[in-house]
Structure formats: structure tokens, C-alpha cells
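No hydrogens, no waters, no symmetry mates; every other heavy atom, side chains included, goes into these values. Please read these numbers as outputs of a predicted model, since none were measured by experiment.
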Amino acid sequence: MKFSAFSDLHHHPGVFRTGTYEDWHFIRDRAVSAGAEFIIHAGDLCHGPSIVPDFVAEVNASPIPVYHCLGNHDSDRTSYAETLAAYHMPDGHYFFDHGGYRFVICDPNYYCVDGEYVHYDLGNYFKFGEYRDYMPPDQLAWLEETIADAPHPCILISHESFERPDGVKNRADVLAIIDAANKRRPHSVLMCINGHHHRDNLRILRGVLYWDLNSTAYEWVSPAHDKFPDELAAQYRCLRNTLMYNDPVHAIVTLEGTTITIEGMESTMFMGIGMAEIGRKLYDAAGRPVTPAVQSVKLTL
């Protein structure tokens with residue numbers, strides 16, 4: 001079976017130059033022409049569906065189903081409850097079975113203070129820094145049960161990473177659930193896909209493929225740089241905090257048993273301006289570079 005995967009489109013008119021209707025049309029049309037059966041986005045489609053209702057409605061009107069996964073920014077300017085309704089999600093975490101696989105949508109968009117887990121809602125997470133990106137205990141229990149009860153191998157999708165050292169804070173608990181499930185029944189969890197970190201990286205860890213899925217659009221940089229023309233920067237509030245890709249990079253994924261084929265794509269940096277041109281380090285703390293690409297690979301686990 002075949003599906004399309006993208007992340008971090010960040011549709012935000014007047015703020016970002018990327019993440020446009022045209023970018024969405026490119027992703028949608030490629031999915032349809034490739035014969036994908038549905039599309040998954042791994043979070044940060046926009047910065048609040050109530051401020052861009054027409055865009056969200058167009059995504060939801062796709063000729064093939066679109067399954068949403070919440071990112072940390074999706075409810076920046078829209079309440080959590082309204083965001084769920086706009087994305088037609090039954091909850092922040094849910095699953096669906098399709099084509100001999102179970103797709104498990106996880107939701108690590110909680111901060112934890114004094115033992116209380118609070119979901120991101122109307123930008124409330126901005127002031128909690130080190131306390132962000134948790135999966136609450138009840139969701140961990142749900143995840144364990146959902147994997148154990150699955151009649152098929154599971155594909156986990158989350159915005160924040162279960163693999164990166166700077167990912168989900170209690171990722172050790174998630175990895176323990178995955179490892180235990182795979183020990184009981186090999187390939188109970190086949191692959192984990194995340195967005196958020198705007199990097200392109202694949203890693204096989206204890207028999208599971210962990211996919212750090214790149215942003216379709218850009219890399220965020222701070223402090224701002226001065227390499228873009230003033231007249232362009234005047235049109236987009238956060239333009240100089242970005243390094244942009246010329247195309248919306250994403251992938252078509254084919255699953256055949258335990259064989260995973262990722263058909264990614266390569267783009268180029270907008271105006272040729274990358275990390276070197278602004279005098280910044282190419283690699284992040286996890287050792288992963290900024291690249292305008294999603295790699296292609298075929299492997300069997």
C-alpha cells in the first residue's frame with residue numbers, strides 16, 4: 001500500500017513566504033498521480049485553523065483522505081478543541097487500520113509542571129521551555145494497548161521525535177513500549193515518523209525505522225539574518241528567521257510486508273542562501289544538517 005507523508009508546511013500568510021496553496025497543491029497532486037491511498041501530515045500544517053479556515057478546508061477537501069497529526073504550532077491561535085474539530089480528528093491521539101497496517105497518531109504536545117500534564121492550547125506552551133513535549137501517562141497506556149491489540153504492524157506518527165535526544169522528554173517510556181511489543185511479536189512496530197525538527201534523517205534502532213521527516217518548507221534560524229532583500233523581507237514578518245527551500249519537499253511511501261520504500265525529493269535553497277551563507281553551523285545538536293531534501297531509500301527490516 002502507498003501513502004504520502006509531509007510535515008511542517010507552516011501556512012502562515014504574511015509571516016512565512018513558504019507553505020502556500022501552491023505548495024499544498026504540489027503535495028496533493030503528486031500523491032494522487034502516484035496512486036497514494038491517503039496523505040499524512042506530521043504536524044504544523046498552520047498556526048491555527050481558525051485564522052486560515054479556507055486553507056484548512058481545501059486540505060480537508062483533498063480527493064484522497066488526509067490524516068492530521070497535531071504539531072506544537074497547530075493551536076497557536078486556535079483552541080485545542082477547535083483545532084481538533086477543524087482537522088476532523090476524534091482526539092489528539094487516535095489510530096486507523098488500512099492496507100494491512102495500523103497507523104497510530106500520537107500526541108506529545110503536552111507540557112508537564114508539578115506532575116500536571118497540560119495540552120498546548122492558544123500558545124500556552126511558549127513560556128514552559130524545558131517542561132514541554134511530553135506524552136501523558138494515560139496516552140502511554142493507550143499506546144501500549146493500541147499496539148498490543150493491533151492485527152497489523154504499526155506505523156507511529158508524532159510531531160516530536162521518539163528517537164532524537166532533543167525529542168519527546170519521556171521518549172524512554174515510548175521506546176520501552178515499542179521494544180517490549182517487538183520482543184513479544186516481531187515487527188509489531190515497523191516505523192516511527194516525526195516532524196518538528198526540520199531535518200532529513202533515517203535511523204534503524206533495534207529493528208525499527210525512525211524517520212526524522214524534514215519540513216516541506218524551511219529551516220528556522222535565530223537570531224535573524226540580513227541576506228534577503230529589504231523589499232521581500234517587508235512582505236513577511238519572519239522571513240529573515242528562515243532559510244527556505246524552492247520546492248515543498250516530502251515523500252511517497254510504499255509498504256510491502258516489512259519492506260519500506262521512501263520516494264523523497266530534492267530541492268535547492270531559495271536564492272542559494274543556506275547555513276554557510278549566513279555564517280551558522282550546518283549541523284544541529286543531533287548531528288543532522290540542514291538540507292532541502294527528503295531522501296529516498298528502499299529497505300527491508
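- Without hydrogens or angle criteria, Thr259 side chain to Thr300 main chain gives no donor-acceptor distance under 3.5 Å.
- Interatomic distance, OG1 of Thr216 versus CE of Met265, reported as 9.5 Å (0.5 Å rounding).
- Grouping the Ile, Leu, Val, Met, Phe, Trp and Tyr side chains by contacts below 4.5 angstrom, directly or via other members, places Phe26 apart from Ile252.
- Here OG of Ser188 is found 11.0 Å from CG of Asp179. Values are rounded to the nearest 0.5 Å.
- With Tyr120 as the partner, the side chain to side chain donor-acceptor pair (under 3.5 Å) test is satisfied by one option alone out of Thr83, Asp133, Asn109: Asp133.
- Partner His196 forms a side chain to side chain donor-acceptor pair (under 3.5 Å) with one of Asn72, Asp8, Asp44 and no other, that one being Asn72.
- His187 and His152 have their aromatic ring centers separated by at least 6.0 angstrom.
- In this structure, the side chain to side chain contact (heavy atoms under 4.5 Å, CB included) partners of Ser267, at least two apart in sequence or on a different chain, are Tyr245, Asn246, Asp247, Val249, Pro292.
- Looking only at side-chain heavy atoms (C-beta outward), Arg28 and Val66 stay at 4.5 Å or farther from each other.
- Counting only heavy atoms from C-beta outward, the side chains of Asn194 and Leu213 never approach each other to under 4.5 Å.
- Under the 4.5 Å side-chain contact rule for hydrophobic residues, Ile273 and Trp220 share a cluster.
- Val118 and Tyr80 fall into different hydrophobic clusters, where Ile, Leu, Val, Met, Phe, Trp and Tyr are joined by side-chain heavy atoms under 4.5 Å apart, directly or via other members.
- Under a hydrophobic-cluster definition in which Ile, Leu, Val, Met, Phe, Trp and Tyr are linked whenever side-chain heavy atoms come within less than 4.5 Å, directly or via other members, Ile64 and Phe55 are assigned to the same cluster.
- Within the 4.5 Å cutoff, the side chain of Tyr110 has no heavy atoms near those of the Pro108 side chain.
- Legend: residues meeting salt bridge (charged side-chain N to carboxylate O under 4.0 Å, His left out) with Arg203, ordered by chain and number and at least two apart, are Glu163.
- The backbone N or O of Arg288 lies less than 3.5 Å from a partner atom in the side chain of Asp284, making a donor-acceptor pair.
- Checked against ring pair (Phe, Tyr, Trp, His ring centres under 6.0 Å), Tyr131 has no partners two or more places apart in sequence or in another chain.
- Separating the CG atom in Leu282 from the OG1 atom in Thr291 is a distance of 8.5 Å, to the nearest 0.5 Å.
- Using cut-offs of 30° and 60° for the angle between ring planes, the His11 and Tyr21 rings count as perpendicular.
- The salt bridge (charged side-chain N to carboxylate O under 4.0 Å, His left out) pairs that include a residue from residues 104-125 number zero, where partners must be two or more places apart or lie in different chains.
- Hydrophobic clustering, with ILVMFWY side chains joined whenever heavy atoms are under 4.5 angstrom apart, keeps Tyr87 apart from Leu122.
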Next on the checklist: Please determine whether ring-ring contact (aromatic ring centres under 6.0 Å, His included) holds for the pair His68 and His88, giving the CA-CA distance in whole Å, both sets of side-chain angles, and the decisive distance to 0.1 Å.
Outcome noted: CA-CA 8 Å; His68 297 276; His88 301 162; 7.6 Å; no
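- The ring-ring contact (aromatic ring centres under 6.0 Å, His included) with Tyr111 is formed by just one residue from the set Tyr117, Tyr125, Phe128; it is Phe128.
- Using a 4.5 Å heavy-atom cutoff, the side chains of Thr242 and Val221 are not in contact.
- Membership of the apolar cluster around Phe95 extends to Val104, Met135, Leu140, Trp142, Leu143, Ile147, Leu156, Phe162, Val168, Val174, Leu175, Ile177, Ile178, Val189, Leu205, Val208, Tyr210, as traced through chained side-chain contacts below 4.5 Å between ILVMFWY residues.
- Qualifying side chain to side chain contact (heavy atoms under 4.5 Å, CB included) partners for Phe103, counting only residues two or more places apart in sequence or in other chains: Met1, Phe3, Phe38, Ile40, Phe96, His98, Tyr101, Ile155, Ile157, Leu255.
- Separating the OG1 atom in Thr258 from the CE atom in Met191 is a distance of 12.0 Å, to the nearest 0.5 Å.
- Residue pairs that meet the salt bridge (charged side-chain N to carboxylate O under 4.0 Å, His left out) test with at least one member in residues 72-97, sequence neighbours left out, are Asp97-Arg102.
- Annotation: salt bridge (charged side-chain N to carboxylate O under 4.0 Å, His left out) contacts of Arg237 (sequence neighbours excluded): none.
- With respect to Arg199 and Asp212, no salt bridge is recorded, no charged nitrogen being found less than 4.0 Å from a carboxylate O.
- Applying the salt bridge (charged side-chain N to carboxylate O under 4.0 Å, His left out) test to pairs two or more places apart or on separate chains, those with a residue in residues 222-236 are Asp230-Arg240.
- Met269 is listed as a side-chain neighbour of Leu243, based on a closest heavy-atom distance under 4.5 Å.
- Rounding to the nearest 0.5 Å places CD of Glu144 at 10.5 Å from CG of Asp173.
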Checklist entry - Going through the distances and angles, do Glu160 and Ser158 end up as a side-chain hydrogen bond (donor to acceptor under 3.5 Å, both in side chains)? => result CA-CA 6 Å; Glu160 298 82 5; Ser158 60; over 6 Å; no
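- Proximity of a side-chain donor or acceptor of His198 to a complementary backbone N or O of Tyr218 within less than 3.5 Å is detected.
- In this structure, Trp24 and Val59 have side chains that are in contact, with non-hydrogen atoms separated by less than 4.5 Å.
- In this structure His197 satisfies the side-chain hydrogen bond (donor to acceptor under 3.5 Å, both in side chains) test together with Arg164, sequence neighbours excluded.
- Within the 4.5 Å cutoff, the side chain of Pro153 has no heavy atoms near those of the Arg185 side chain.
- Using a 4.5 Å heavy-atom threshold, the side chains of Asp23 and Leu9 count as touching.
- Checked against side chain to side chain contact (heavy atoms under 4.5 Å, CB included), Ser33 has no partners two or more places apart in sequence or in another chain.
- Separating the OH atom in Tyr94 from the CE atom in Met89 is a distance of 5.0 Å, to the nearest 0.5 Å.
- Looking only at distances, a side-chain donor or acceptor of Lys2 sits under 3.5 Å from a matching main-chain atom of Ala34.
- Counting only residues at least two apart or in different chains, ring pair (Phe, Tyr, Trp, His ring centres under 6.0 Å) contacts with residues 270-301 comprise Phe228-Phe270.
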